[in-house]
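The structure appears right after this line, and notes come after that.
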2 protein chains.
Amino acid sequence: MQLSERKEKILAAIVERYIATGEPVGSKTLLEFSSLPVSSATIRNEMAELSRLGFLDQPHTSAGRIPSQLGYRYYVDRLMNRYELPIQEKRLIEARLSDAGGEPQQILEQAGQVLAELTNCAVVSTTPSDDNAVIRRVELVPLGTHTAMMVMLSSSGILKSRVCRTDSELNLELIETFYNIVSKHFIGKSASEVSIALIQTLALSLGSKSLAISPLLVTLSDLAQLTEQTQLLLEGQSNLLNYTDYPNAYELMEFLRRGEPLTNLFSGHKTENDTNVLIGKENFYRELQDSSLIFSHYSVGGKDSGALGLIGPTRIDYARLIPSLKYLTEIVGSIMSDTLED
Amino acid sequence: MQLSERKEKILAAIVERYIATGEPVGSKTLLEFSSLPVSSATIRNEMAELSRLGFLDQPHTSAGRIPSQLGYRYYVDRLMNRYELPIQEKRLIEARLSDAGGEPQQILEQAGQVLAELTNCAVVSTTPSDDNAVIRRVELVPLGTHTAMMVMLSSSGILKSRVCRTDSELNLELIETFYNIVSKHFIGKSASEVSIALIQTLALSLGSKSLAISPLLVTLSDLAQLTEQTQLLLEGQSNLLNYTDYPNAYELMEFLRRGEPLTNLFSGHKTENDTNVLIGKENFYRELQDSSLIFSHYSVGGKDSGALGLIGPTRIDYARLIPSLKYLTEIVGSIMSDTLED
DNA sequence: AGTTAGCACTCTAACAGCGAGAGTGCTAAA
DNA sequence: TTTAGCACTCTCGCTGTTAGAGTGCTAACT
């Protein structure tokens, strides 16, 4: 639906004013604020119409108007002037991310913190998932006579480790056998190829050594699963507590902590244009229906591999947050790409 | 101060009742609940006296009594019957922790989750800090022609990694030189010995290779700092939102997130008996003065190295939480000890 | 001397009533 | 089509009232 220019101006002004103050906007307030060359009565008429069309809500008769979900949607899709980050700010952020440590998790953690500070929202992100990722390197570091730490690095840069305990003594021969098996059967394989079945057949084929080495292989398989699993990182949850809009922040925070729903949402809902904006009831999950979720996928080596998302009340500054998020996903993607392929 | 037996019974009953219900306890309620062989009038007299002595507070004249800070203190020190975890529960927890992955952070994360579920409190823990920890192993994994991932394992089992970018190409010779330097100058050294000065003199002594190798040495030094730094882990913060006692949970959650204050508190305040209990205003930090903090140090190899702590309102079930925390610290310590020295 | 019944007293929480203020929708005039 | 004006509605904050919970005190009882 296309609104008249004047209606658009009024809607935009209401959205922006409400985002800024959190108070319902009345016709008089709007008049001073928006400097339209009309009287408050005209604005009242237009507002009444916008209400009838479903773009505005009214908490009660004698209150001003607040944007409805549809109002926000129209604003985001057609009215909003994106507000880009100043260039110095961008440089600053870039420096912070470059300094994060270089691993995907570290970069995302830092990006999450930056975004949380910048936006006062909760920030979620998923670690890169790459269907073509393969095991790149496995190290076994003996810690004692029967324990060792195993470290696995995947081609997507994910590093995972576990401590492993063996029944028989961890001597040089055993370690060497392990490394042989690894380089022969695991390096270059994807995690999904490391099945229990493979582990079992391998163990069997080793005969007498089987018993000694199988704990190592089991750990190896665990690690392969871990490197493949997408992880959800969370930053700035406490920001949500500053919004009076959330009477029960607990439910939302528990939802975020659970992780899988969001991970699924992100992987199912590929970025169509650049940034996805889900407002209020547009969200599938009940726990998010009082919130807006803005998310965008970052791409490593030209391929979408994970996402960053912002969560706040529907009353957030879309014009500022969307470009910020977009910038962060771009820079995260480019830093990760740099690290992995040069 | 020693209270009469009857006063103690009444105080204990009030504390327990208030912990259970969160409502001020009146003389009549107490009568049904505690089954003392006296009338409500007598209880009233005793309660008045306990108020005068400072063990009870009264929100207002016509409300019941609630324990004062002193009341909780007396209860914790002398009245409380510790409520041990049932043995099956202990076994279950043990299994969960053994399965966590073996690294200190992984064990602590799991322990934190378990405790958060068990207690409905926020759980904090510090990673083991060991003044005698030394660098055990360093691995350099090339990722591209100019980037590599460096992984460092300390003798206390801490694993840290960073991605490092070099100006000149990462060829085999460079890598070999790096490993030589590492094994000669760094393995077996403590992190504090890895000073900037050392890095600089080393770089200088290498002459022509100096420029190529110095980014690697800088990263090495960064990693050494990281492995040495105590980290604060946080679980179950959202539990705090379930207590009506916290009008501004935001402040507390930000305090927990900041980390250093608690890290300092733990390291400064060594475990005297077995478990420390700081109630309300007994806490040094303003942000904790509406809360109780229970913490206890775990020991790895017979030496205190980190701590686990619970944070909740002063109105928490000390009798149940203290033994739970104590058990968790013991098991965390024993699992970590097992891993590192066998 | 300690305990108890009884009672007057105090304070809160909940509810109703009221007025001020904000903002609307409608009407009639420009 | 716009605007001034006005009656109307609804919230918010204040006040007053009442019911109920709980106390502290006194006087009687064991």
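Each chain gets a letter, A, B and so on, in the order its sequence line appears, and its residues count up from 1. Predicted model only: the values in this text are computed from it and were never measured.
Judged by distance alone, the side chains of B/Arg257 and B/Gln237 never bring a donor and an acceptor atom under 3.5 Å apart. B/Glu8 and B/Tyr74 share a side-chain donor-acceptor pair at under 3.5 Å.
Checking B/Arg52 against B/Ala63, the closest nucleotide of DNA chain D that is more toward the 5' end is the one next to B/Ala63.
Nearest heavy atoms, A/Val15 versus A/Gly71: CG2-O, 4.4 Å. Between A/Cys121 and A/Leu321, the shortest heavy-atom contact is SG-CD1, 3.7 Å.
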Test side-chain contact (heavy atoms from CB on, under 4.5 Å) applied to B/Ile322 and B/Ile294, step by step: CA-CA 7 Å; B/Ile322 292 174; B/Ile294 310 178; 4.0 Å; yes

Trace of the side-chain contact (heavy atoms from CB on, under 4.5 Å) decision for A/Leu310 with A/Val124: CA-CA 6 Å; A/Leu310 293 176; A/Val124 289; over 6 Å; no

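Summarising the local packing, NZ of B/Lys9 is surrounded by 12 or fewer heavy atoms from other residues, nucleotides or ligands at distances under 6.0 Å.
Pairs engaging residues 56-69 of chain A under the side-chain hydrogen bond (donor to acceptor under 3.5 Å, both in side chains) rule: A/Ser51-A/Arg65 [sequence neighbours left out].
Within residues 31-46 of chain A, the residues having any heavy atom closer than 4.0 Å to DNA chain C are, in order of number, A/Arg44. Within residues 1-18 of chain B, no residue has any heavy atom under 4.0 Å from DNA chain D.
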Contact letters for nucleotides 12-21 of chain C, in which S counts primed atoms plus P, OP1 and OP2 and B counts the base, heavy atoms under 4.0 Å: S---------

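Close approach of DNA chain D to chain A, defined as any atom under 4.0 Å from a non-hydrogen atom of the protein, starts and stops at D/dT2 to D/dT11.
B/Thr21 pairs by the side-chain contact (heavy atoms from CB on, under 4.5 Å) definition with B/Arg17, B/Glu23, not counting sequence neighbours.
Using a 30° and 60° split on the angle between ring planes, A/Tyr285 and A/Phe255 fall in the tilted class, from 30° to 60°. Taking the six-membered ring where tryptophan is involved, the planes of B/Tyr72 and B/Tyr318 are tilted, since the angle between them lies from 30° to 60°.
To the nearest 0.5 Å, the span separating CG on A/Leu256 from CD on A/Glu235 amounts to 12.0 Å.
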